[in-house]
Amino acid sequence: MEYAPKVMFYIFGLPITETITTTWLIMLVIILLAWLGGRNLEKIPGTFQNIMEILVDAINGLTKSTMGEDKMKFAPYMGTLALYLAFANLSGLLALRPPTADLNTTLALALMTFFATQYYGLRSKGVGYLKGFIEPFPLLLPLNIIGEIANPISLSFRLFGNIVGGVIIMGLLYSVLPIVVPVLPHIYFDVFSGLLQTFIFLMLSMVFISGAMD
């Protein structure tokens with residue numbers, strides 16, 4: 001069985017895989033939701049505006065409780081990350097291959113968190129941030145650097161491993177029982193595991209960035 005993302009077409013000789021096409025689709029959905037949710041705001045909101053406001057309040061509340069009130073500027077980034085990961089992990093329900101089942105996607109997202117951690121740590125503490133790598137004593141510098149580099153690796157492989165594992169198991173189930181739709185495995189691997197991994201990735205990103213700044 002082939003579980004690598006399929007090449008859908010080529011642009012100027014560059015292969016465009018289903019990871020990229022599904023990501024484009026998710027980006028389109030998020031942009032459309034943002035456009036619909038931000039126009040014609042009413043004092044007495046309708047159903048759609050209510051859902052959008054609940055979603056925004058949830059992201060703001062999670063960012064405030066995890067990172068602190070002084071780091072609310074990260075709420076838009078965390079909200080975008082949460083929406084993308086949730087849609088990506090749930091895309092298996094629509095018979096699409098989740099973009100997060102591709103290590104390129106999860107590693108790119110983890111590196112965004114890693115570089116944000118280093119940048120905001122340096123910006124917040126200055127040279128004091130770098131001194132943290134030689135604490136509690138200088139001989140631990142190599143271990144502290146390895147520990148920092150290990151963060152994006154563990155972050156990306158955790159998400160990739162869980163999602164691609166679900167894709168492989170669902171593929172095996174469909175190959176054994178091609179007529180019966182395995183509803184319960186879909187609920188577990190696509191909904192429960194997908195949303196859980198979204199939450200874990202989001203929380204770790206918040207903890208890494210706020211920990212570097214405090």
Side-chain angles (χ1 to χ4, degrees), residues 1-39 48 51-52 55 59 76-116 151-205:
M1 290 185 179
E2 180 61 56
Y3 290 104
K6 297 175 184 173
V7 176
M8 307 301 286
F9 53 90
Y10 291 84
I11 296 180
F12 301 116
L14 295 175
I16 305 299
T17 65
E18 54 188 329
T19 297
I20 299 174
T21 55
T22 306
T23 297
W24 285 346
L25 179 63
I26 293 170
M27 288 166 62
L28 185 65
V29 170
I30 293 175
I31 291 171
L32 187 61
L33 285 176
W35 179 70
L36 291 174
R39 70 180 191 126
F48 182 72
I51 294 172
M52 291 295 106
L55 188 61
I59 294 294
Y77 169 66
M78 295 302 169
T80 307
L81 189 61
L83 279 178
Y84 172 74
L85 285 174
F87 281 125
N89 293 343
L90 292 173
S91 62
L93 293 172
L94 302 175
L96 298 171
R97 191 178 192 281
T100 41
D102 189 328
L103 185 59
N104 294 302
T105 300
T106 59
L107 187 58
L109 294 173
L111 285 175
M112 286 169 60
T113 294
F114 174 75
F115 287 121
N151 285 338
I153 296 173
S154 65
L155 198 60
S156 59
F157 272 85
R158 181 186 296 106
L159 178 59
F160 165 72
N162 279 282
I163 301 303
V164 80
V167 169
I168 291 172
I169 292 173
M170 291 307 301
L172 290 172
L173 287 175
Y174 273 110
S175 66
V176 175
L177 303 168
I179 299 177
V180 179
V181 177
V183 176
L184 288 179
H186 266 303
I187 292 174
Y188 177 78
F189 290 112
D190 292 324
V191 180
F192 175 73
S193 179
L195 294 180
L196 179 64
Q197 292 306 317
T198 297
F199 182 73
I200 291 172
F201 194 99
L202 193 65
M203 289 298 294
L204 288 175
S205 294

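- Summarising the local packing, OH of Y77 is surrounded by more than 12 heavy atoms from other residues, nucleotides or ligands at distances under 6.0 Å.
- Between A82 and I59 the shortest heavy-atom distance is CB-CD1, 4.0 Å.
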(request) Please lay out, stage by stage, how W24 and I16 fare under the test side chain to side chain contact (heavy atoms under 4.5 Å, CB included). (result) CA-CA 11 Å; W24 285 346; I16 305 299; 4.1 Å; yes
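- The OH atom of Y188 sits 13.0 Å away from atom CE of M170, with the distance rounded to the nearest 0.5 Å.
- V191 and L90 get closest at one heavy-atom pair: CA-CD2, 3.7 Å.
- Rounded to the nearest 0.5 Å, atoms OG1 (T17) and CZ (F9) are 9.5 Å apart.
- Put simply, the side chain of E18 gets close to the backbone of K6: a donor and an acceptor are under 3.5 Å apart.
- Applying the side-chain hydrogen bond (donor to acceptor under 3.5 Å, both in side chains) test to residues at least two apart or on different chains, the pairs with a partner in residues 80-94 are T23-Y84, N89-T100, N89-T198.
- By the side chain to side chain donor-acceptor pair (under 3.5 Å) test, T21 is found to be paired with no residue, residues two or more places apart in sequence or in another chain being considered.
- With values rounded to the nearest 0.5 angstrom, L93 atom CG is found 4.5 Å from D190 atom CG.
- For the atom pair CG (L36) and CD1 (I31), the distance works out to 12.0 Å, reported to the nearest 0.5 Å.
- The side-chain heavy atoms of S205 and L155, taken from C-beta on, include a pair separated by under 4.5 Å.
- Closest heavy-atom contact between I163 and G194: CD1-CA, 4.3 Å.
- For the pair V167 and A101, the tightest heavy-atom approach, listed with the atom from each and the gap, is CG2-CB, 4.0 Å.
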(message) Let's go through L195 and L85 carefully: what are the C-alpha distance in whole Å and the side-chain angles of both, what is the deciding distance for side chain to side chain contact (heavy atoms under 4.5 Å, CB included) to 0.1 Å, and is it a yes or a no?
(response) CA-CA 8 Å; L195 294 180; L85 285 174; over 6 Å; no
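- A search for ring pair (Phe, Tyr, Trp, His ring centres under 6.0 Å) contacts involving F199 returns nothing, not counting sequence neighbours.
- Heavy atoms from other residues, nucleotides or ligands lying under 6.0 Å from OH of Y10 number 12 at most.
- Contact annotation: the side chain of F201 approaches that of L81 to within less than 4.5 Å [non-hydrogen atoms, C-beta and beyond].
- The shortest side-chain heavy-atom distance between S156 and L109 does not fall under the 4.5 Å cut-off.
- With sequence neighbours excluded, no residue forms a side chain to side chain donor-acceptor pair (under 3.5 Å) with T106.
- A distance of 10.5 Å separates CG in L204 from CG in L159, rounded to the nearest 0.5 Å.
- Considering only heavy atoms from C-beta on, L202 comes within 4.5 Å of M78 through its side chain.
- Using a 4.5 Å cut-off on side-chain heavy atoms (C-beta onward), I200 and R158 make contact.
- Nearest heavy-atom pair, I20 versus P15, reported as atom, atom and distance to 0.1 Å: CD1-O, 4.2 Å.
- Scanning for side chain to side chain donor-acceptor pair (under 3.5 Å) contacts around N151 gives an empty result, with sequence neighbours left out.
- Using a 4.5 Å cut-off on side-chain heavy atoms (C-beta onward), L25 and L96 make contact.
- The side-chain heavy atoms of F87 and T22, taken from C-beta on, include no pair separated by under 4.5 Å.
- F189 is listed as a side-chain neighbour of I169, based on a closest heavy-atom distance under 4.5 Å.
- Under the rule for a side chain to side chain donor-acceptor pair (under 3.5 Å), T105 has no partner lying at least two apart in sequence or in another chain.
- Shown here for I26 and P99, the closest heavy-atom pair between the two residues is CD1-CG, 4.0 Å.
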